[in-house]
Amino acid sequence: MIMSRIEAPRDEATGNPAGNLIDRLRDGLPADAVLTDPDVTASYANDMASFCPAGAPAAVVLPRTVEEVQHVMRVATELRVPVVPQGARTGLSGGANTSEGCIALSLTRMDRILEISPVDRIAVVEPGVVNAVLSRAVDEHGLYYPPDPSSWETCTIGGNIGTASGGLCCVKYGVTAEYVLGLDVVLADGRLMSTGRRTAKGVAGYDLTRLFVGSEGSLGIVVRAVLALRPKPPAQLVLAAEFASAAAACDAVCRIMAGGHVPSLLELMDRTTVKAVNDLARMGLPETTEALLLAAFDTPDPAADLAAVAALCEAAGATQVVPADDAAESELLLQARRMSLVALEAVKGTTMIDDVCVPRSRLGEMLEGVERIAEKYRLTIGVCAHAGDGNTHPTVCFDALDPDESARARESFDEIMALGLELGGTITGEHGVGVLKKEWLARELGPVGLEMQRAVKQVFDPLGILNPGKLF
């Protein structure tokens, strides 16, 4: 249905698409902004997800200005050519994968930080700004931009907005959506729309800003964002607690949250993940543990908070609790956690990274279920999790050159998502739907919910040219 809406009008004599797409694009863009070499454009076809098909783009466009983005969308609308918006392509759901004959619209050259205001506590940025670059820039002003995906050194703010990404700090500070105050968006027909505000409060009209956050480029192209900032917190201290079972570690998580504590980080690594990190980087993590829990506080007296959490971990059955002595030791532990997904990929060469979020009270059941699924399909599945908000990342390790193992990997992935829904969870807490989870989005939303989502898409993109084939 989508492809029939975006089919380009054709010249009656030649049967070719009306006009010349490349020439039309170049009419309003610098010479170096349009790439057509197939060897080059092929490198823009995929993000980091497995099992997600991609087509060959007709061109890759790298604009530097809002006007250039508008030009691209006007040409695309006139010629009915699909457009796939892209950031750094670090996504894990196929949301940035190109479709056959599309324009891959890479926004990485729009990478300016336009404003940092300590008084208003906002930053105004273009979509290609790298998360870590923004974080370091606001830090110089005594401010803090909390969202910190594991790929924060390379992922872009536009991509973070597109997938409503999270990170390690979500348990205290929330996800990207909590920090997007306003947006400038180029619509499918090339018009520019502003949403939201730069004020601390504002409730005028429907919240269209939140509508675009997490829309995966299917409603419009974000070209500017107003982001909320916080005062820079004190340096955090981290505690590591070892457990003889994942269930005991999850019990500790429940005790910590029920006790009213507000950690800046509460992360879990199962034994498979711990071993993978040690194998890759010789981190010296305790491989005798079944689950390693990391808790951190960035309060004025983090040592006292960690002591209280240590007591709760011991009450839940922790076999050892070791608080970090200083910020350097704390950072070493966090580096081990950030390395988890890369380390698991090294186990077999290929991974499918799930992103199932469940109520914290069901976290133990989720981990036990994943272990059963790993045994059933004879696979290595490591779990690292933002335990404080119930967001698990079961990571299926497999050999992509082995057809049988690849098939079992895909089946286990689906079974993990089904388990998450059975436990009252969601199929994605921060990675998005993209191509990988389209079928599961329909199951989670139900027929009425899916109908309403499609109706919203129709309003903003009546021709279906924006990131077609994604979400639903």
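Atom set for the values below is all heavy atoms of this structure, side chains included, hydrogens, waters and symmetry mates excluded. FYI, the numbering just counts along the sequence from 1. This is a predicted model, so every value here is computed, not measured.
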Could you tell me whether R191 atom CZ has more than 12 heavy atoms of other residues or ligands within 6.0 Å of it? no
Is a salt bridge present between R64 and E68, judged by a nitrogen-to-oxygen distance below 4.0 Å? no
Is it true that the side chains of T426 and E444 contain a donor and an acceptor less than 3.5 Å apart? yes
salt_bridge(R337, E267) N-O dist < 4.0 Å: yes
Testing the 3.5 Å rule here: is there a donor-acceptor pair between the side chains of N97 and Y44? no
Is any NZ, NE, NH1 or NH2 atom of the basic residue among R338 and E153 found under 4.0 Å from an Asp or Glu carboxylate oxygen of the other? no
Verify whether one side chain among S264 and Q236 offers a donor that lies under 3.5 Å from an acceptor in the other. yes
So, for V238 and A296, which heavy atoms are closest and what is the spacing to 0.1 Å? CG2-CB, 3.8 Å
Can you see which heavy atom on D47 is nearest to which on A96, and at what distance? OD2-N, 3.5 Å
Taking the basic N atoms (NZ, or NE/NH1/NH2) and the acidic carboxylate oxygens, is any pair closer than 4.0 Å for R109 and E126? no
Distance col, row D39:CG vs T36:OG1, nearest 0.5 angstrom, shows 11.0 Å
For V309 and A295, the nearest pair of non-hydrogen atoms, with its separation, is CG1-CB, 4.1 Å
Can you tell me if N467 and S218 form a side-chain donor-acceptor pair at under 3.5 Å? no
Ion pair D298/K232, N-O distance below 4.0 Å: no
Take atom CE of M48 as the centre, draw a 6.0 Å sphere, and report whether it contains more than 12 heavy atoms from other residues, nucleotides or ligands. no
Do the two ring centres, one from Y144 and one from Y179, sit under 6.0 Å apart? no
Heavy atoms, side chains only, cut-off 4.5 Å: are V66 and D184 in contact? no
Salt bridge (Lys or Arg N to Asp or Glu O under 4.0 Å) between E140 and R136, worked out: CA-CA 7 Å; E140 295 177 3; R136 292 177 183 127; over 6 Å; no
Atom of N160, atom of C155 and distance for their closest heavy-atom approach: ND2-SG, 3.4 Å
Consider only side-chain N and O atoms of T428 and D355, and report whether a donor and an acceptor are under 3.5 Å apart. yes
Do NZ/NE/NH1/NH2 and the carboxylate oxygens of D207 and R197 come within less than 4.0 Å? no
Hey, mind stepping through E178 and R210 against salt bridge (Lys or Arg N to Asp or Glu O under 4.0 Å) and telling me if it holds? CA-CA 9 Å; E178 310 297 330; R210 280 293 187 105; 3.5 Å; yes
I'd like to know if the side chain of T77 pairs up with that of D189 as donor and acceptor (distance under 3.5 Å, no hydrogens or angles considered). no
State, to 0.1 Å, how close P147 and N131 come at their nearest heavy-atom pair, and which atoms those are. O-ND2, 3.1 Å
Hey, can you tell me if H393 and H431 have their rings parallel, tilted or perpendicular (30° and 60° cut-offs)? parallel
Is the closest basic N to carboxylate O distance between E115 and R198 below 4.0 Å? yes
